[in-house]
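The block underneath contains the structure these notes are about, expressed in structure tokens.
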Amino acid sequence: MLVLRAVLLLLALPSHAEETTSAGPGALLPLPKGACAGWLAGIPGHPGHNGIPGRDGRDGTPGEKGEKGDAGLIGPKGDSGETGVTGVEGPRGFPGIPGRKGERGESAYVYRSAFSVGLEAHVTVPNVPIRFTKIFYNQQNHYDGTTGKFHCNIPGLYYFSYHITVYLKDVKVSLFRKDKAELFTYDQYQEKNVDQASGSVLLHLAVGDQVWLQVYGDGNHTGLYADNVNDSTFTGFLLYHDIDLS
């Protein structure tokens, strides 16, 4: 169809000779060379190829600094790092402030009370304190040789013991504290022989308490004996004194 239209267009156009001879007064002037008739359009051309991309433009001017954003979320805790090298010892510091004074302790004074005495004669009288007049130790003089009694001057716990020789008669002996018998010992005499009897006890004493030995019963139990080769002894000493909390 396009070809047919093109042929018709060529036939309608006057030739170059007709244009020369027919020119005259009132005649239409031919169209300028290169002019296109407005009543019939040409065939549309094919689209052109894309052009080559242009070069990058210049960097723009830096913009203004924006506002500070909100803090982000706290991230997870990281792994512990390796232990560092021990540093050099620093200089010695100043002395610290003295601490508070401690509570009062027990006195350094050593409390002493002790005696050790022996019998020098055969005992014949019952129910009275036995007088041990042979003194082995009595530095504090808490034992009274004239009465045969120990007098407590330091309150506390005491240990008492006695070792007696038995001869000629049976022996019944008791240890007294404040007119009360605390300990009893009985030994039966074996004829033509020397026997031994003993006893010991712990007693808590207060200041002023007295302790002694005596024969109890009748005169048939006074077999306590002593001579230059046989001893009967009475001993006592302080173990622990009472703590003064005042």
Side-chain angles (χ1 to χ4, degrees), residues 1-114 152-159 200-207 237-246:
M1 187 67 182
L2 293 176
V3 175
L4 179 61
R5 292 175 66 181
V7 172
L8 293 176
L9 178 62
L10 291 176
L11 292 176
L13 291 177
S15 64
H16 181 71
E18 294 176 350
E19 292 178 0
T20 306
T21 60
S22 61
L28 295 174
L29 294 177
L31 293 174
K33 187 177 182 180
C36 180
W39 60 271
L40 182 65
I43 300 172
H46 296 285
H49 299 285
N50 293 331
I52 300 171
R55 292 180 297 177
D56 294 339
R58 296 179 181 180
D59 294 337
T61 305
E64 297 180 359
K65 184 177 180 180
E67 297 180 358
K68 185 177 180 180
D70 297 332
L73 299 176
I74 298 176
K77 183 178 179 181
D79 297 332
S80 299
E82 297 181 359
T83 304
V85 180
T86 303
V88 181
E89 183 178 356
R92 184 174 181 179
F94 295 102
I97 301 174
R100 294 183 300 174
K101 185 177 180 180
E103 298 181 358
R104 182 177 180 181
E106 187 177 347
S107 173
Y109 178 78
V110 179
Y111 295 90
R112 294 184 176 90
S113 180
C152 176
N153 290 270
I154 302 172
L157 183 66
Y158 286 80
Y159 174 79
S200 60
V201 68
L202 287 172
L203 294 177
H204 184 270
L205 303 181
V207 175
F237 54 86
L238 174 66
L239 286 177
Y240 305 104
H241 72 278
D242 289 347
I243 299 175
D244 185 6
L245 300 178
S246 58

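The chain is numbered in sequence order, starting from 1.
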**Item:** Atom pair OH/CG of Tyr111 and Asp242 - distance to nearest 0.5 Å
**Value:**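 If we round to the nearest 0.5 Å, Tyr111:OH and Asp242:CG are 10.0 Å apart.
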**Request:** Report the distance from atom CG of Leu239 to atom OH of Tyr158, rounding to the nearest 0.5 Å.
**Result:**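 It comes to 10.0 Å.
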Heavy-atom pair of closest approach, residues [X] and [Y]:
X      : Y      : answer
Leu238 : Leu157 : CD1-O, 3.5 Å
Ala206 : Pro155 : CA-CB, 4.4 Å
His241 : Ile154 : CB-CG2, 3.9 Å

